[in-house]
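Residues: numbered from 1 along the sequence shown. Model, not experiment: these values are computed from the prediction.
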Amino acid sequence: MNGIKKEMNTKFDEVNKRLGKLEVEQAGITKELYMINRKISDTYGVALDALASTAENRKWLETGTASLI
């Protein structure tokens with residue numbers, strides 16, 4: 001009976017170690033996803049700024065005056 005308990009404890013220890021590693025990996029993935037989300041948001045902002053500038057430049061070229069969009 002003690003042999004079975006030792007084996008079970010060893011297995012539980014292995015599972016706990018693996019779970020600990022998974023938690024660390026999950027934290028790393030969460031951090032990477034946050035960074036990717038920030039990059040996407042920044043890129044989207046730059047694209048919107050470029051679109052607004054293009055529209056403003058087109059308006060200026062057509063009318064000779066710049067206007068706020």
Side-chain donor-acceptor pairs of residues 7-25 under 3.5 Å, sequence neighbours excluded:
| from | atom 1 | to | atom 2 | distance (Å) |
| --- | --- | --- | --- | --- |
| Asn9 | ND2 | Lys5 | O | 3.4 |
| Thr10 | OG1 | Lys6 | O | 2.8 |
| Asn16 | ND2 | Phe12 | O | 3.4 |

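Connectivity analysis of hydrophobic side chains (ILVMFWY, heavy atoms under 4.5 Å, direct or indirect) links Ile36 to Ile40.
Remark: Arg38 pairs with Tyr34 by the side-chain contact (heavy atoms from CB on, under 4.5 Å) rule, at least two apart or across chains.
Counting only heavy atoms from C-beta outward, the side chains of Val46 and Asp42 never approach each other to under 4.5 Å.
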